[in-house]
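Working notes, beginning with the structure itself.
If you're wondering where the values come from, they're calculated on a predicted model, not measured in any experiment. FYI, the numbering just counts along the sequence from 1.
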Amino acid sequence: MAAAAASLLHLATSACSPPRVRLVCPTTGRRSPLRAAPAPPPPRAYKVTIEHGGESRVVEVEEGETILSRALDEGIDVPHDCKLGVCMTCPARLVAGEVDQSDGMLSDDVVAQGYALLCASYPRSDCTIRVIPEDELLKVQLATADD
């Protein structure tokens, strides 16, 4: 009976253990244990300096996050409305660095002049951005629409 119990214990232990998988190299015929794939790198974060209301705050914004969403999460009271890049209530000037704002509605020549919408701006480097009055951006955007 002891032999049967030991045999059952061995089978139960084997069934609970994960199977060992070995890969065989087709060239050398050597076996190697299967290794887990390395973990993906963490998302890249950029330091973004936000100048607003006479103050400067540095926040870390992840690559897939908008500057507006991080500013709001950090308690920075910046103007905003639709969060879709169409209403132009979150205007800014890019002082330094790079942002991707291809989701926004600003014309290419306005973007080339350094204007940005916080809700459609994804940092692509450490950068500095200054919140500006909505009227300033509207004048530039409307002036380029006449061209």
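Asp103 is linked by a side chain to side chain donor-acceptor pair (under 3.5 Å) to nothing, counting only residues two or more places apart in sequence or in another chain.
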Which atom pairs, donor and acceptor, lie under 3.5 Å between side-chain atoms of residues 52-64 and protein residues at least two apart or in another chain?
residue: His52; atom: NE2; partner: Asp77; partner atom: O; Å: 3.0
residue: Arg57; atom: NH2; partner: Glu74; partner atom: O; Å: 3.1
residue: Glu60; atom: OE2; partner: Lys47; partner atom: NZ; Å: 3.2

With a 3.5 Å cut-off and sequence neighbours excluded, list the donor-acceptor pairs that the side chains of residues 84-99 form with protein atoms.
residue: Thr89; atom: OG1; partner: Asp81; partner atom: N; Å: 3.1
residue: Arg93; atom: NH1; partner: Tyr115; partner atom: OH; Å: 3.2
residue: Arg93; atom: NH2; partner: Gln113; partner atom: O; Å: 2.9

**Q.** Full working for side chain to side chain contact (heavy atoms under 4.5 Å, CB included) between Leu117 and Leu106
**A.** CA-CA 8 Å; Leu117 295 174; Leu106 296 181; 3.9 Å; yes

Q | Test log, rule side-chain hydrogen bond (donor to acceptor under 3.5 Å, both in side chains), inputs Arg44 and Tyr46 | A | CA-CA 7 Å; Arg44 181 167 171 97; Tyr46 298 102; 3.0 Å; yes

Q: Could you please spell out the steps behind the side chain to side chain contact (heavy atoms under 4.5 Å, CB included) verdict for Lys83 and Thr66?
A: CA-CA 10 Å; Lys83 298 181 184 176; Thr66 65; over 6 Å; no

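A 4.5 Å side-chain heavy-atom check between His80 and Leu118 finds every atom pair outside the cut-off.
Taken to the nearest 0.5 Å, the CD1 atom of Ile129 stands 10.0 Å off from the CD atom of Glu51.
Among all heavy-atom pairs drawn from Leu68 and Cys119, the shortest one is CD2-CB, 3.5 Å.
Linking Ile, Leu, Val, Met, Phe, Trp and Tyr residues whenever their side-chain heavy atoms come within less than 4.5 Å places Ile67 and Ile76 in a single cluster.
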